[in-house]
Protein chains: 2
Amino acid sequence: MFSKACEYGIRAAVYIALQSLDGRRVSVNEIAEEIDSPLAFTAKILQQLSKSKVIHSVKGPTGGFEIERTDMDHVKLSKIVHAIDGDEIFVGCGLGLKECNAQKPCPLHDKFVDIRNNLKNMLEQTSLYELATGLEVGLTYLRR
Amino acid sequence: MFSKACEYGIRAAVYIALQSLDGRRVSVNEIAEEIDSPLAFTAKILQQLSKSKVIHSVKGPTGGFEIERTDMDHVKLSKIVHAIDGDEIFVGCGLGLKECNAQKPCPLHDKFVDIRNNLKNMLEQTSLYELATGLEVGLTYLRR
DNA sequence: TTTAATTCGGATAAAATTGTCCTTTATTAT
DNA sequence: ATAATAAAGGACAATTTTATCCGAATTAAA
């Protein structure tokens, strides 16, 4: 569904949000450790998320990644997926046709649009804050 | 969502079904031409589909691929996706965790399960016959 | 002002996916 | 029987994705 990069990106963002709730800024090392992802690859993904303003980065000692409390509400998963995987999952044809729309649909078009709208709505409605609080309360997990 | 191989596989299977409705057996060459897919790669995918009994192949002159009328109803998209992409899309965690279930869920688990059940149901309910007849009537397209 | 901790950025490597080519095997028609 | 046609299968190549490594830039603390 999502690329590995995107999976790591979402997990990282949720972890950063969780720690930011406690006012803690976290390093790539800690993030990769806590979400069980490859360190250097995770660093690349965090750069992408930083450039696309999903997270905020601070260089130097005591630096790291953080997300401001107000941003946690505004940053939805759709923004992360878009930043890392692009819009193929939001607009592409399920059977890979270059052009596929209601006028000239592939055989799966209508059914696929339904599924995808569900996915799209879910991603657009789910904020980092919501996911981070689930973690905080101990209801969900980011590894294993 | 699906791999390229799977996209080609579904398109090929629908085309074979369509032609089989007319009693025509089709060659890889014709299939790749009609669904606009890379010839040799498509041949590989057809081998997979043949082995997993999604389609039937006949060697030699006048040979090619076909699907029997009764099979078109029984073969659902889920079978094709399973044969080519495996079961990751049906059972895997949305955030890539190795273990993720109701007991120890990832932050996205519940929402992801909903989406995936929609997808799963759609794939399990959609037969090749249904897709082929849409094509036959000229309502849908397999290329461009 | 130096040192050390941290992200950033570029180059490279490994693995997976996508794609091609060529030989073998089966089978039909001549 | 032989030739021709088509799928099957193996080896290989290209591309994309995943992943690593290292030096540069930034900045806080000593």
Side-chain angles (χ1 to χ4, degrees), chain A residues 1-13 15-16 19-20 24-33 35-67 81 83-86 88-89 92 95-96, chain B residues 1-13 15-16 19-20 24-33 35-67 81 83-86 88-89 92 95-96:
Chain A
M1 187 80 83
F2 307 128
S3 68
K4 278 284 163 196
C6 194
E7 292 174 355
Y8 297 148
I10 294 173
R11 275 151 61 191
Y15 181 74
I16 294 167
Q19 296 304 321
S20 289
R24 294 191 64 234
R25 198 180 276 163
V26 288
S27 69
V28 189
N29 292 276
E30 177 178 338
I31 294 167
E33 177 77 21
I35 70 172
D36 191 27
S37 67
L39 175 60
F41 190 45
T42 303
K44 291 289 186 211
I45 297 159
L46 292 174
Q47 281 182 41
Q48 284 186 265
L49 293 181
S50 185
K51 277 187 199 164
S52 51
K53 311 283 185 192
V54 167
I55 59 183
H56 180 234
S57 77
V58 178
K59 282 183 171 184
T62 78
F65 298 91
E66 64 193 359
I67 304 180
V81 173
I84 299 176
D85 281 350
E88 186 58 24
I89 199 172
L95 298 188
Chain B
M1 185 80 84
F2 307 127
S3 68
K4 278 284 163 197
C6 194
E7 292 174 356
Y8 297 148
I10 294 173
R11 276 150 63 190
Y15 181 73
I16 295 166
Q19 295 304 321
S20 289
R24 293 190 65 235
R25 199 179 275 163
V26 286
S27 69
V28 188
N29 291 275
E30 175 177 338
I31 294 167
E33 177 76 21
I35 70 172
D36 191 27
S37 66
L39 174 59
F41 190 46
T42 303
K44 293 288 185 209
I45 298 160
L46 292 174
Q47 281 182 42
Q48 285 187 265
L49 293 181
S50 185
K51 277 186 199 167
S52 51
K53 310 283 186 190
V54 167
I55 59 182
H56 180 234
S57 79
V58 178
K59 281 184 169 184
T62 78
F65 297 91
E66 64 193 0
I67 304 180
V81 173
I84 299 177
D85 281 350
E88 187 58 25
I89 199 172
L95 298 187

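Here the structure is a predicted model, which means the values were calculated and not measured. Labels below follow one simple rule: chain letters A, B, ... track the order of the sequence lines, proteins then strands, and each chain is numbered from 1.
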Distance in angstrom units between A:K51 NZ and C:dC8 P, rounded: 9 Å
B:E7 CD to C:dT18 P, straight-line distance once rounded to whole Å: 9 Å
Atom-to-atom span, CG of A:N29 to P of C:dC8 - whole angstrom: 13 Å
Atom-to-atom span, CD of A:Q48 to C1' of D:dT17 - whole angstrom: 12 Å
Protein proximity profile, nucleotides 20-30 of chain D - base contact B, sugar-phosphate-only contact S, no contact -, cut-off 4.0 Å on heavy atoms: BB----BBBS-
Phosphate OP1/OP2 of D:dT18: any A:Y8 side-chain N/O under 4.0 Å: no
Short side-chain N/O contact from B:Q47 to OP1 or OP2 of D:dG9, under 4.0 Å: yes
Spacing of B:D85 atom CG relative to C:dT17 atom C1', expressed in whole Å: 11 Å
Main-chain N/O of A:T62 paired to A:R25 side chain as donor or acceptor, under 3.5 Å: yes
B:S50 side chain near D:dA8 phosphate (N/O to OP1/OP2, under 4.0 Å): yes
Pairs satisfying salt bridge (charged side-chain N to carboxylate O under 4.0 Å, His left out), at least one member in residues 37-46 of chain A, at least two apart: none
All salt bridge (Lys or Arg N to Asp or Glu O under 4.0 Å) counterparts of A:K51, not counting sequence neighbours: none
Evaluation steps, side-chain contact (heavy atoms from CB on, under 4.5 Å), between A:Y15 and A:E30: CA-CA 10 Å; A:Y15 181 74; A:E30 177 178 338; 2.5 Å; yes
A:S57 side chain near C:dC8 phosphate (N/O to OP1/OP2, under 4.0 Å): yes
Spacing between A:E88 atom CD and D:dT16 atom C1', to the nearest angstrom: 14 Å
Shortest non-hydrogen separation from B:A12 to B:I31 and the atoms involved: CB-CG2, 3.8 Å
Flag, side chain of A:D85 to backbone of A:C6, donor-acceptor distance under 3.5 Å: no
Nearest-nucleotide 5' precedence on DNA chain D, B:V26 against A:C6: B:V26
Crowding at CD, A:Q48 (>12 non-hydrogen neighbours, <6.0 Å): yes
Atom pair distance, as rounded to whole Å: NE2 in A:H56 and C1' in C:dC8: 14 Å
B:L46 CG - D:dA8 P separation (whole Å): 8 Å
